[in-house]
Amino acid sequence: MTTITNTTAPFGAISIHRGVSLFAKLVDQYREWNARRQTRAILSTLSADQLEDIGLTKAELHDTFLIRG
């Protein structure tokens, strides 16, 4: 009796895996973007004294976080 082992993925499985991986990557990128957006929004509301307390300056905010104003 001969045993045959199937070592290939089912039809379409690789495409589905790639689609799910792409979607997961996009979700991760969105979460990172949103976290940065929220950080920028919060930091842009702080006064110069408050920023100094956490070791930042307005100039560093402009350079690092691309905050306008």
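The residues of the chain are indexed from 1 along the displayed sequence.
- Each of K25, E32, R31 was evaluated against Q29; a single residue qualifies, K25, per the side-chain contact (heavy atoms from CB on, under 4.5 Å) test.
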Can you give me every donor-acceptor pair (side chain of residues 45-59, partner residue at least two apart or in another chain, under 3.5 Å) with its distance?
from, atom 1, to, atom 2, distance (Å)
T45, OG1, I42, O, 2.6
S47, OG, Q50, N, 3.2
S47, OG, Q50, OE1, 3.4
Q50, OE1, S47, N, 2.8
T57, OG1, E60, N, 3.1
K58, NZ, L46, O, 3.1

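- Shown here are the ring pair (Phe, Tyr, Trp, His ring centres under 6.0 Å) partners of F23, two or more places apart in sequence or in another chain: there are none.
- Listed by chain and residue number, nothing satisfies the salt bridge (charged side-chain N to carboxylate O under 4.0 Å, His left out) test with R37 (two or more places apart in sequence, or in another chain).
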